Every structure is written in structure tokens, then in C-alpha cells.
Amino acid sequence: MVSRVIPVDDFDLVIFGGTGDLARRKILPGLFRRFRAGQMPPGARIVGAARSEMTTAAYRKTIEGALKEFLDEADCDPKAIKSFLGTLDYVRIDATGTAGWSELAKLLRPDIIRAFYFSVAPSLFGPLAERLHKHRCAGSACRIVVEKPFGRDLETAQALNATLAEHFNEGQIYRIDHYLGKETVQNLMAVRFGNMLFEPLWNAQHVDHVQITVAETVGVNGRGEYYDKSGAMRDMVQNHIMQLICLIAMEPPSRFDPSSVRDEKLKVIRALDPPEASDIVRGQYTGGGEAAGYREEAGNPGSTTESYIAMKLGISNWRWAGTPFYLRTGKRLRARASEIAVVFKDAPHSIFGQDAGRHRNILTIRLQPNEGIQLGVTIKEPGPGGMRLIDVPLDMTFADALGPEADDAPDAYERLIMDVIRGDQTLFMRGDEVEAAWAWTDPIVEAWTRSGERPHEYEPGSTGPEEAQMLLHRSGRRWREIRP
Ligand code: NAD
């Protein structure tokens, strides 16, 4: 199969925070991979803009180091790195002052695509937006990309949206959630809306429940102080998992375009029920062996922040009323695994009798690792001995089905940055979506704060607190195994 790379038009991309962790680890390595794939036009230029005093030559050296550190060795072709570095410039800039702005304005070229990536703390979004306008860097055709976290509650998200809206219209603002750039997440839409097979069954009549798991093996080390102010609910559920729920639950949009897709996602968020306190389990990992526990890593001995959360959610609309969505996410768990499982109902009557056992079709969408989609189908166990039934997977692990091309697929950041250049907002969150997600999240978090309730403890390397098992057990269901 020949890989299809659609080139983009010439552009100037300015990365505010161009020396930061995100720029070095994700944005620039991603851009380099697109450059190597032949997607960047000869007229593409990237400008790193940050607080440090350095020359363009020194910046190129820094980024060369980052590419070698964060890319696979096979990607690090020295000739390609050298020509990629030639597309980089650097400007020392003060987001809250005057330094660097006229230099930046002089560097930007007229009449080509212009994008500004705000890879800085959200407190700098306003000052950057204001200065971009004051120094005439931002015309009506430019785009800005903003990173998470987009607010920490409804009020702060509304304030951020209002600040950006003073200088940019909604069509210019690209709020990134890298989960939406994942190959399998987009495939979820292709599977749902590109096949006749699933859509007639995709409802409460046929789906028993949905499980979403985002499990990490890492703790919060290094990010403890930041994480402790946020917790799993704000860090994972309000954004990434909410986006996954939307894509599973939304109605078919009339077209795969930004407004149609985002309108349907918004309707899902608005239909989410507020969960009962008894439908939520929060957890915090303890220490184990040499490893520190959550509180120690967060530097907060009395912390009540959750490093794990499991919830049962209801969606009040005709399609989903009565079908629970179970989600769980946490740190320091048994394995790193993200998957969505759509568990279909039992056949209404088993003609094979009780001995045949209970079998269900489960559609599993695996986000990481081993991206792919699997459908569990019940068949007869081969051999003599009557009708014994077993479940076997119809497997579409991308690496097996698509060969080396699957490995070469752009990662989430690469794909999303190219979408920005193309001007396609479909895979970015709209302001009203973000606000609706916070409006649903806020009362839940406020209730915890009011109660001062401590999360349940769980051991590192486990599947989370015991209490989370009960969320499903009480209705006769069980969590799927967390496996790498
Ligand atoms: P960082 O601290 O490593 O880098 C911050 C960058 O901002 C530096 O380049 C610094 O020079 C620049 N900067 C700071 N103050 C400035 C000022 N006054 N004027 C001009 N430049 C200034 O941060 P990071 O980890 O790269 O994160 C950047 C943003 O992306 C943050 O909002 C973070 O929450 C978000 N984010 C980061 C990650 C990640 O993996 N690092 C993931 C998701 C979201």
C-alpha cells in the first residue's frame, strides 16, 4: 500500500514556548516527521519564540538535540535533520512585555498561512493575543493553537474564551486535545459511520454497556505539584475521556465537517446526567517497595486529590437512556492501556442450552498500545462433543492489517498541527463544548471539596481500589481485564 501524503501550502508557524518541554518533546519532533514524509512545502517556516536569550544557531542546536532524544533512531536521518533545522528561526520574546515583538512582526511573511501555537501557561494566552494584534502579527486569516488545560472550571474556561474572543473569532481558535488526533479515535468514526453493520445496533436496545479505560503505569512524579491541583477528573475525564464518550455516543453528523461534528458532540455533553455520589469511586495510590505513594510524590501529606477515578454515567437521550457508560482512569496501575469496549447484550434466547454458557459480542477499540479494533464473535468450538461455544476475536490490529504503513502513520500531534495549517477544525474542541464539559464537571468536583472526603487507597501495580469493582458488580457486570 502506498502512503498518501497530501502536501500543505506554505506557512509561517510561530511556537510560543518554543524552548519548552512540549515543543521539544512533541511539537518539533512531530513537525520533523511531517517534513520527512514530504508533507511540508519548501516555503514552510517555523519560528521558535520564548523567553531565553539565544541565537537562531543555538536554537537549531537545541532542537537538533531534542529530535535525537525524542525520535526513534530510524527517524533520525542526519541529512533530513539538517534541512529541517534550516526552516527554523528563533526570536526572544517577552509575552508580557515589549521585547521581541517588532522582530517577530518583521520576520512574518505576508499572504501566506500564519499560525501561532500557544505552548505556554494559560495565563499568557491573553497577553500573547493582545500583543499579536497590537504588533499587527495577526490578521483575520491567522490561526492560534491552544493547549490544555483549557481552564480549571467553568468560570476560568469562560474567562479564557472571552479573552481569546476579544482578538480572534472562533474559526481561528484551535483548542487541542491530542486524543482526537489518534488514529484509532478517528477510526472509531470511520467504523461507526462508514459501515452499515454497526449503526443499527448502536443504541440502548442492543448495547448492554460501554466501558472506557485509560490506565497508566506512571505516577505523578515530576508533575506532582501541578497534578495535585487538578486530579484525574480535571486532568483526564473532563477533556480526553469526555471526547471519547462524545464520539461513541453522538448521532451521525450530516457531514464530516467541523460544525456538524462538533454540534453532535455538544449534544452528548449536554445530555450527560449528573452522576450520583454512589456511582463514583475515587482512589489514591499508596507507596510500595521503593516507590513513593501519591501524597509523597505530590508533596502534600494531607492531599485528597484523586489519582484514580471510576464512574457510572447515564446519557439522557433516546439512543442511550438505560445503557450505562462506565469509565475509569488512573495512575500507577497494572498496565498502560487505553481502550473502549462496547459490550452488546446477550442473545434474547440461547438455543444451545445452559451448557453452552453465556456469550456476548464485544467491540473493542484499542487506543494504546497496539492500536486496533477487535470484535468478539461467538462460534462453535472445533471438534466433536456437541455444540460447545467459544468467543474468538475478529481482529484488526493496525500493525497486522496495514503492515509498515501503520507504524508510519502520523502521531496525534503531527496530524493535528497539519490540520491547523489546512484550516480544518473538525478534530479540535469548540469553545461551547469545553464550557459544557466544565459545567458538567464542576458540581461533581465541588461536592468532593465540600465533603473533604478522602479517596480510597489502592496499591501501585493493582487495578485500582476494590470499591471500583462494586460499581459494576452490583449490576452483575464486571470490568474487563487491564492488559498491556
Ligand atoms: P515549559 O515550562 O517546559 O515551557 C514554557 C515555555 O514558555 C518556555 O519556552 C518559556 O521560555 C516560555 N515562556 C514562559 N514565560 C514566558 C514569557 N513571559 N514570555 C515568553 N515566553 C515565555 O512548559 P511546557 O511543558 O512546554 O508546557 C507548555 C504548555 O503546554 C503549558 O500550558 C502546559 O500545561 C501545556 N501542556 C504541556 C504538556 C507537556 O507534555 N509538557 C502536555 C499538555 C499540555
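One-based numbering along the sequence shown. Treat the numbers as computed from the prediction; the structure is a model and nothing was measured. Numbering of ligands and ligand atoms starts at 1, following listing order.
Within the 4.0 Å heavy-atom criterion, the part of Ala121 lying near ligand 1 is the backbone and not the side chain. Contacts of Glu147 with ligand 1, taken as heavy-atom pairs under 4.0 Å, involve the side chain alone.
Under the 4.0 Å criterion applied to side-chain N and carboxylate O atoms, Arg45 and Asp89 are assigned as salt-bridge partners. One finds no salt bridge joining Asp424 and Arg422 here, because no Lys/Arg side-chain nitrogen approaches an Asp/Glu carboxylate oxygen to under 4.0 Å.
Distance from atom 36 (N) of ligand 1 to its nearest protein heavy atom, with residue and atom name: Lys148 O, 3.7 Å. Of the protein's non-hydrogen atoms, Asp94 OD1, 3.5 Å is the one closest to atom 18 (N) of ligand 1. Nearest protein heavy-atom contact of atom 19 (N) of ligand 1 is Ala95 N, 2.9 Å. Atom 13 (N) of ligand 1 has Arg51 NE, 4.1 Å as its closest protein atom, hydrogens excluded (heavy atom only).
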Side-chain polar contacts of residues 138-145 - donor-acceptor pairs under 3.5 angstrom, sequence neighbours left out - could you list them?
from, atom 1, to, atom 2, distance (Å)
Arg143, NH1, Val420, O, 3.0
Arg143, NH1, Ile421, O, 2.6

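Around atom CD of Glu446, more than 12 heavy atoms belonging to other residues, nucleotides or ligands sit under 6.0 Å away.
Aromatic ring orientation, Tyr227 versus Tyr294: perpendicular (interplanar angle above 60°, classes split at 30° and 60°). Between Phe116 and Phe16, the ring-plane angle classifies as parallel under the 30° and 60° cut-offs.
In terms of polar-atom proximity, defined here as any N/O pair under 3.5 Å, Ala23 makes no such contact with ligand 1.
Residue contact check: Pro122 has heavy atoms under 4.0 Å from atoms 32 (O) of ligand 1. Numbered from 1 in the order shown, with element, the atoms of ligand 1 that lie under 4.0 Å from a heavy atom of Leu124 read 15 (N), 16 (C), 17 (C). The contact set between ligand 1 and Thr19, taken as ligand atoms under 4.0 Å from a residue heavy atom, comprises 8 (C), 9 (O), 11 (O).
Inside a 4.0 Å radius of atom 15 (N) of ligand 1 there is at least one protein heavy atom.
Listed by chain and residue number, nothing satisfies the salt bridge (Lys or Arg N to Asp or Glu O under 4.0 Å) test with Arg450 (two or more places apart in sequence, or in another chain).
Put simply, part of Arg25 is less than 4.0 Å from ligand 1, judged by heavy atoms.
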